[in-house]
Amino acid sequence: MKVNLIENDFKSVESELEIFIVDDLENCEDKDILENIGFEEKDESIAFLPEIGRIYVGFEEHDYESIAIAISIAIKKLKTTKFKSAKIELKDLDLKALVEGTLLGAYEFNEYKSKKKKSKKQELSICVPKITDEIKDVFEQSKVISKAVNKTRDIVNTPPADCYPKVMAELAKKIAKDSNLECTIHGEKYLEKNGMNAMLSVGRASIHESKLIHLAYKPENAKKKVVLVGKGLTYDSGGLSLKPADYMVTMKSDKSGGSAVLGIMSAVAKLNLPIEIHGIVGAVENMIGGDAYKPDDVLKAKNGKTIEIRNTDAEGRLVLADCLCYAQDEIEDIDYIFDYATLTGACVVGVGEYTIGVMGNDTILKRDVVANTLQAGEYATTLPFNRFLRKTIKSEIADICNIANTRYGGAITAGLFLDNFIYEENKDKWAHLDIAGPAFVEKAWGYNPHGASGAGVRATLQFFKNLN
Ligand code: BES
Ligand code: ZN
Ligand code: ZN
């Protein structure tokens with residue numbers, strides 16, 4: 001799907017189909033027809049009138065989400081037709097919502113269908129009488145953002161046989177080449193040499209070598225320095241604490257945090273952000289085998305802390321522990337450090353499958369992350385740390401345990417585990433985003449498809465845009 005911005009009067013633009021997004025039928029040319037067929041000005045309602053070449057979609061609120069859902073419904077309808085071109089008038093609609101709703105709504109993952117749907121060359125023209133610099137900027141930025149989200153979706157949706165740590169590293173190299181970023185890939189020798197025994201142990205039973213990916217964007221005019229760390233479990237079988245069959249399905253999505261970091265890094269140069277941005281991904285596969293790490297093992301992380309393993313399925317926090325240490329050892333004077341992870345089923349239970357759980361030590365930063373996430377069209381809420389939950393991950397034999405001794409608050413105790421690997425000077429600069437819910441949903445929602453949604457990408461790019 002291609003989106004164009006056209007400086008012209010709506011009526012004068014040539015197109016096979018017209019799209020109208022309406023919240024009121026009063027002044028509508030086709031009011032009678034629409035009323036006769038029972039069309040309502042509600043979210044998710046659609047009327048396709050092929051004889052006159054028009055699609056009507058309803059909306060209730062003048063906000064990003066309603067508009068993005070409305071246009072995505074129209075575009076999905078367009079995709080089922082033979083029409084090659086459609087047009088819509090910008091009027092007072094949110095341009096960002098129109099562009100992102102179109103490109104995110106048009107996304108399909110067909111790589112593994114033997115009968116490939118020929119992707120028709122269809123296009124949407126957004127008509128506006130006068131294109132100002134601001135309109136042009138929003139248009140271009142929204143296209144870059146949508147592309148980054150769809151790239152993330154592609155990586156996450158790719159099956160584990162085709163996307164393993166080395167493949168993620170290759171993807172990172174390609175992104176670096178395309179955007180002129182620095183790219184360093186470390187293998188297991190490096191992990192061993194640098195005391196990253198937590199991350200190393202998780203990947204030990206896999207036939208695939210673990211990779212630590214480090215991308216860096218360093219513009220000359222950088223005013224801030226941000227580090228993004230992503231959980232890149234290309235598959236999470238649970239390890240020896242094996243997942244039950246039903247829970248293992250979809251665990252190709254355990255690389256969503258790392259994939260979001262790659263997607264974000266693919267956009268930062270194109271958005272010309274005046275920020276130094278590092279993207280670090282721990283790409284690892286959690287498998288079983290004679291060499292697997294075990295419950296009862298004690299692992300030493302990069303910062304010297306010892307971890308008693310009581311469940312090998314709580315592996316993401318082990319990978320992140322070492323990656324967070326690596327980030328803080330390698331990068332000086334960090335302004336913000338965010339991690340992205342499909343870390344806990346508990347987060348999904350707690351806040352539902354559409355919402356990111358945001359944790360950390362600084363109330364203002366957490367609120368800021370949530371506010372930017374909402375502004376970007378994603379859902380997020382904060383989850384609170386407390387001193388009593390902090391005690392539940394104490395170990396009798398090591399410094400800390402990789403699971404809590406309580407059944408409750410699993411998303412928060414996982415966040416508190418990570419806090420053990422945040423250095424004193426960075427405590428208030430860190431936010432942990434548990435994206436286990438929205439990263440991968442097995443039914444379409446709004447303009448998001450079945451499967452990967454690209455959670456965290458728009459949220460972070462919005463945070464960057466508002467950072468000064
Ligand atoms: N990757 C999972 C978490 C997950 C669950 C992500 C569902 C997406 C959907 C993680 O590694 C895991 O298995 N966590 C365990 C932790 C437990 C053993 C303390 C969980 O949530 O059950
Ligand atoms: Zn797990
Ligand atoms: Zn996992």
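Keep in mind that the numbers below use all heavy atoms, side chains included, and drop hydrogens, waters and symmetry copies. All residue numbers refer to positions in the sequence shown, counting from 1. We count ligands from 1, going down the list as the structure has it; atoms in each ligand are counted the same way.
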>> Once you measure the plane-to-plane angle for F417 and F421, does it fall in the parallel (<30°), tilted (30-60°) or perpendicular (>60°) bin?
In response: tilted

>> Could you identify the single nearest non-hydrogen protein atom to atom 16 (C) of ligand 1 and state the distance to 0.1 Å?
In response: R317 NH2, 3.8 Å

> Considering only the protein, which heavy-atom contact is closest to atom 7 (C) of ligand 1, and what is its distance?
Replying inline: M251 CE, 3.7 Å

> At a non-hydrogen distance cut-off of under 4.0 Å, which region of K231 contacts ligand 1 (side chain, backbone, both, or neither)?
Replying inline: side chain

> Taking heavy atoms and a distance under 4.0 Å, where does L233 meet ligand 1: side chain, backbone, both or neither?
Replying inline: neither

>> I need the nearest protein heavy-atom contact for atom 22 (O) of ligand 1: residue, atom name and distance, please.
In response: G345 N, 4.6 Å

> How many angstroms lie between atom OH of Y217 and atom CG of N272, to the nearest 0.5 angstrom?
Replying inline: 5.5 Å

> Rounded to 10°, how many degrees is the angle O/D313-the Zn ion (ligand 2)-OD2/D236?
Replying inline: 170°

> Identify the closest protein heavy atom to atom 15 (C) of ligand 1: which residue and atom is it, and at what distance?
Replying inline: D313 O, 4.1 Å

>> Of all the N, O or S atoms in E315, which has the shortest distance to the Zn ion (ligand 3)?
In response: OE2

> For ligand 1, which atoms sit closer than 4.0 Å to a heavy atom of E315?
Replying inline: 11 (O)

> Is a side-chain donor or acceptor of R458 paired with a backbone partner of E378 at a separation under 3.5 angstrom?
Replying inline: no

> Counting from 1, what ligand 1 atoms have a heavy atom of A436 closer than 4.0 Å?
Replying inline: 6 (C), 8 (C)

> Between Y64 and Y447, what is the ring plane arrangement, given parallel below 30°, perpendicular above 60°, and tilted in between?
Replying inline: perpendicular

> Given T342, V349, T413, which one has a non-hydrogen atom that is nearest to atom 6 (C) of ligand 1?
Replying inline: T342

> Counting heavy atoms only, which part of I403 comes closer than 4.0 Å to ligand 1: side chain, backbone, both or neither?
Replying inline: side chain

> Within the structure, does D254 bring an N/O atom to less than 3.5 angstrom of an N/O atom in ligand 1?
Replying inline: yes

>> So, 2.8 Å as the limit: is an N/O/S atom of D254 located closer than that to the Zn ion (ligand 2)?
In response: no

> For T342, does its backbone N or O pair with a side-chain atom of K231 as donor and acceptor, under 3.5 Å?
Replying inline: yes

> Do any N or O atoms from the side chain of S66 and from the backbone of F59 form a donor-acceptor pair under 3.5 angstrom?
Replying inline: no

> Got the closest protein heavy atom to atom 10 (C) of ligand 1, with its distance?
Replying inline: L343 O, 3.3 Å

>> Can you report which non-hydrogen protein atom sits closest to atom 2 (C) of ligand 1, along with the distance?
In response: D236 OD2, 3.6 Å

> Closer than 4.0 angstrom: is that true for some heavy atom of V348 and an atom of ligand 1?
Replying inline: no

>> Check whether K151 reaches the backbone of S266 with its side chain - one donor and one acceptor, N or O, closer than 3.5 Å.
In response: no

>> H214 vs Y326, test: ring pair (Phe, Tyr, Trp, His ring centres under 6.0 Å). Steps then yes/no.
In response: CA-CA 10 Å; H214 184 170; Y326 167 88; 5.6 Å; yes

> Is at least one protein non-hydrogen atom found at under 4.0 angstrom from atom 13 (O) of ligand 1?
Replying inline: yes

> Which residue owns the protein heavy atom closest to atom 18 (C) of ligand 1, what's the atom, and how far is it?
Replying inline: N311 ND2, 3.5 Å

